Peer 1: 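Here it is, the structure in full.
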Amino acid sequence: MRHKIKDWMKENSPNHLEENILRISPGDLKELYRAYDAVFFDGQLATQLQDRLKFSLSTRMTKAAGKTIYTKKAENRQYEIRIGVDFLFNFDALQREKNVAGLVVENSLEALMLVFEHELVHVLETEAYGTTNCKGKRFQKMAAQLFGHTSSYHALPSQREVIYEISGYKPGDQISFNYNGKKLKGTIHSINKRATVMVKDSRGDYADALGQRYTKYYVPIIVNR
């Protein structure tokens with residue numbers, strides 16, 4: 001069934017998605033939904049949800065590869081499936097096994113499909129029961145019966161992992177950087193899109209347990225792939 005989905009996307013999605021995703025749009029997600037509805041659900045999703053499900057992409061999601069947003073009001077409840085695109089674009093940055101929902105994925109299109117399946121289960125559980133929790137037994141049973149999922153987690157390359165693998169930077173490292181013509185030195189506190197660096201500053205807004213004060217800076221880390 002997933003092979004049918006792949007063929008469908010290559011033929012019908014706006015960016016003609018293939019195994020290695022280089023470009024993606026919300027329109028591709030909408031077409032992916034149409035493919036799953038046809039192949040897995042015989043068109044019942046469109047009948048039930050009509051136009052109440054929207055799709056979006058995010059470059060700010062650093063931990064979850066997918067997210068389902070829905071309104072609390074049960075009547076005419078609206079849904080949105082949001083996909084973190086960095087997990088797709090970083091897929092080949094690291095040479096290790098990747099898996100989603102307990103299943104090994106070989107390329108970024110497979111990763112997208114399994115993340116999308118997970119989010120569809122969130123939509124279906126909410127539509128049927130009013131709440132959803134991927135750690136719950138009900139969700140896990142639904143995901144297993146519909147798609148063969150054995151887990152609710154993914155192991156796709158995060159931006160932080162890619163930066164560490166390529167550049168060697170990690171939280172706790174000392175780095176130097178230029179700011180307004182001055183060279184500053186500080187400690188990496190965390191890494192997402194940028195490194196959060198804490199620099200000692202007697203007038204800083206942040207303090208540690210010993211009373212040492214710091215100013216926080218967001219520093220781009222440039223890596224060459």
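All values derive from a computational prediction rather than experimental measurement.
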Peer 1: So, Arg82 and Glu119, do they make that salt bridge, N to O below 4.0 Å?
Peer 2: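 Looking at Arg82 and Glu119, the cut-off is not met.
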Peer 1: Would you compute the distance between atom CE of Met9 and atom CD of Glu19 and round it to the nearest 0.5 angstrom?
Peer 2: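 Interatomic distance, Met9 CE to Glu19 CD, rounded to 0.5 Å: 13.5 Å.
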Peer 1: For Val104 and Glu110, work out which heavy atoms get closest and say how close.
Peer 2: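 Val104 and Glu110 have their closest heavy atoms at O-OE1, 4.3 Å.
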Peer 1: Find the distance between CD1 (Ile191) and CG (Asp173) and round it off to the nearest 0.5 Å.
Peer 2: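 If I round to the nearest 0.5 Å, the distance is 7.5 Å.
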Peer 1: Between the side chain of His154 and the main-chain N/O of Lys63, is any donor-acceptor distance below 3.5 Å?
Peer 2: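 Present.
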Peer 1: Of all heavy-atom pairs between Met113 and Tyr36, which one has the smallest distance, and what is that distance?
Peer 2: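 What the structure gives for the nearest pair is CB-OH, 3.3 Å.
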Peer 1: Between Val100 and Met61, is there a shared hydrophobic cluster once you connect ILVMFWY residues whose side-chain heavy atoms come closer than 4.5 Å?
Peer 2: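 No; Met61 is not reachable from Val100 via cluster members.
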Peer 1: Assess whether atom CZ of Arg77 is packed by more than 12 heavy atoms of other residues, nucleotides or ligands within 6.0 Å.
Peer 2: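 Count over threshold, so yes.
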Peer 1: Hey, is CZ on Arg96 packed in by over 12 heavy atoms from elsewhere, all under 6.0 Å?
Peer 2: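 More than 12 within 6.0 Å, yes.
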Peer 1: Can you give me the closest heavy-atom contact between Ile24 and Leu88, atom names plus distance?
Peer 2: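 Reported closest heavy-atom pair: CD1-CD1, 4.1 Å.
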Peer 1: Would you please name every residue forming a ring pair (Phe, Tyr, Trp, His ring centres under 6.0 Å) with Tyr217, sequence neighbours left out?
Peer 2: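 Expected list: Phe177, Tyr179.
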Peer 1: For the ring pair His118 and Tyr153, is the centre-to-centre distance below 6.0 Å?
Peer 2: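 Centroid distance His118-Tyr153: not below 6.0 Å, so no.
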Peer 1: Looking only at heavy atoms, what is the nearest atom pair of Thr62 and Ser158, with distance?
Peer 2: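 It is O-CB, 4.0 Å.
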Peer 1: Please check if the side chain of Lys183 supplies one atom and the backbone of Ser176 the other of a donor-acceptor pair under 3.5 Å.
Peer 2: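 Not confirmed, Lys183 side chain does not pair with Ser176 backbone.
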Peer 1: Any side-chain to backbone donor/acceptor pair from Asn178 onto Gly181? Under 3.5 Å, distance only.
Peer 2: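 Here the side-chain-to-backbone pair does not exist.
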Peer 1: When you measure from the side chain of Glu75 to the backbone N and O of Lys73, does any donor-acceptor pair fall under 3.5 Å?
Peer 2: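 No; judged by distance alone, with no hydrogens or angles, the pair does not exist.
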Peer 1: Look at the side-chain heavy atoms of Ile, Leu, Val, Met, Phe, Trp and Tyr, link any pair under 4.5 Å apart, and say whether Phe41 and Met1 land in one connected group.
Peer 2: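 Yes: a chain of side-chain contacts under 4.5 Å links Phe41 to Met1.
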Peer 1: Could you measure the distance from the OH atom of Tyr129 to the CZ atom of Arg138? Nearest 0.5 Å is fine.
Peer 2: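 Here the interatomic distance stands at 6.0 Å.
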Peer 1: Return the CG to CD distance between Leu29 and Glu80, rounded to the nearest 0.5 Å.
Peer 2: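 Answer for the CG-CD pair, Leu29 versus Glu80, is 10.0 Å.
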Peer 1: Can any side-chain N or O of Ser190 pair as donor or acceptor with the backbone N or O of Thr196 at less than 3.5 Å?
Peer 2: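 Such a contact is absent between Ser190 side chain and Thr196 backbone.
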Peer 1: How long is the span from the OG atom in Ser56 to the NZ atom in Lys67, to the nearest 0.5 Å?
Peer 2: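 The OG atom of Ser56 sits 9.5 Å away from the NZ atom of Lys67.
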Peer 1: Would you say the side-chain atoms of Glu125 and Thr132 include a donor-acceptor pair closer than 3.5 Å?
Peer 2: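 Yes.
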Peer 1: What's the shortest heavy-atom distance between Pro26 and Phe55, and which atoms?
Peer 2: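 In this case the closest contact between Pro26 and Phe55 is CB-O, 3.8 Å.
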Peer 1: Any carboxylate oxygen within less than 4.0 angstrom of a Lys/Arg side-chain nitrogen, looking at Lys4 and Asp7?
Peer 2: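 No, Lys4 and Asp7 are not salt-bridged.
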Peer 1: Is a side-chain donor or acceptor of Asp37 paired with a backbone partner of Ala46 at a separation under 3.5 angstrom?
Peer 2: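 Side chain of Asp37 to backbone of Ala46, a donor-acceptor pair under 3.5 Å: yes, one is there.
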Peer 1: Looking only at atom types and distance, does a side-chain atom of Gln140 sit under 3.5 Å from a main-chain N or O of Lys135, one as donor and one as acceptor?
Peer 2: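 Yes, because the side chain of Gln140 sits within donor-acceptor range (under 3.5 Å) of the backbone of Lys135.
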Peer 1: For Asp42 and Gln44, indicate whether the former's side chain and the latter's backbone hold a donor-acceptor pair under 3.5 Å.
Peer 2: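 Between the backbone of Gln44 and the side chain of Asp42 there is no qualifying donor-acceptor contact (under 3.5 Å).
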Peer 1: When hydrophobic residues are tied together by side-chain contacts of less than 4.5 Å, even through go-betweens, does Ile69 share a cluster with Val85?
Peer 2: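 Hydrophobic grouping puts Ile69 apart from Val85.
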Peer 1: Output, in order, the C-alpha distance, side-chain angles, deciding distance and verdict of side-chain contact (heavy atoms from CB on, under 4.5 Å) for Val105 and Leu156.
Peer 2: CA-CA 9 Å; Val105 290; Leu156 298 175; 4.2 Å; yes
Peer 1: Measure the spacing between CG of Asn12 and CG of Asp28 and express it to the nearest 0.5 Å.
Peer 2: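 Output value for this atom pair is 11.0 Å.
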Peer 1: Give me the ring orientation class for Tyr79 and Tyr70: parallel if the planes are under 30° apart, tilted from 30 to 60°, perpendicular past 60°.
Peer 2: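 Tilted.
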Peer 1: Can the ring centres of His189 and Tyr214 be said to be less than 6.0 Å apart?
Peer 2: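 Centroid separation for His189 and Tyr214: 6.0 Å or greater.
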Peer 1: Could you pull out all residues at least two apart from Arg52 that satisfy side chain to side chain donor-acceptor pair (under 3.5 Å)?
Peer 2: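 Partners of Arg52 by the side chain to side chain donor-acceptor pair (under 3.5 Å) criterion, ordered by chain and then number, come out as Glu127.
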Peer 1: Okay, side chain of Ser152, backbone of Cys134: is any donor-acceptor separation there less than 3.5 Å?
Peer 2: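 Yes, the answer is positive, given that a donor and an acceptor are paired below the 3.5 Å cut-off.
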Peer 1: Tell me whether Ile175 shares a hydrophobic cluster with Val199, the cluster being built from Ile, Leu, Val, Met, Phe, Trp, Tyr side chains joined at under 4.5 Å.
Peer 2: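 Cluster IDs for Ile175 and Val199 match.
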Peer 1: Taking all heavy atoms of Leu53 and all of Tyr33, pick out the closest pair and write down the distance.
Peer 2: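 Residues Leu53 and Tyr33, closest heavy atoms: CD2-CE1, 3.5 Å.
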Peer 1: Distance-only, no hydrogens or angles: does the Arg213 side chain make a donor-acceptor pair with backbone N or O of Asp201 under 3.5 Å?
Peer 2: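 Judged by distance alone, no pair lies under 3.5 Å.
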Peer 1: Do you reckon Leu45 sits in the same ILVMFWY cluster as Phe40, going by side-chain contacts under 4.5 Å, direct or chained?
Peer 2: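 Yes, Leu45 connects to Phe40 through the hydrophobic network.
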Peer 1: Pair Ile81, Leu120 - check side-chain contact (heavy atoms from CB on, under 4.5 Å), show working.
Peer 2: CA-CA 8 Å; Ile81 291 178; Leu120 275 179; 4.2 Å; yes
Peer 1: Check the surroundings of atom CD in Glu11: do more than 12 heavy atoms from other residues, nucleotides or ligands lie under 6.0 Å from it?
Peer 2: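 Counting neighbours around CD of Glu11, 12 or fewer heavy atoms of other residues, nucleotides or ligands fall under 6.0 Å, so no.
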Peer 1: Can you confirm whether more than 12 heavy atoms, excluding those of Lys6, are under 6.0 Å from its NZ atom?
Peer 2: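 Check passes, neighbour count above 12.
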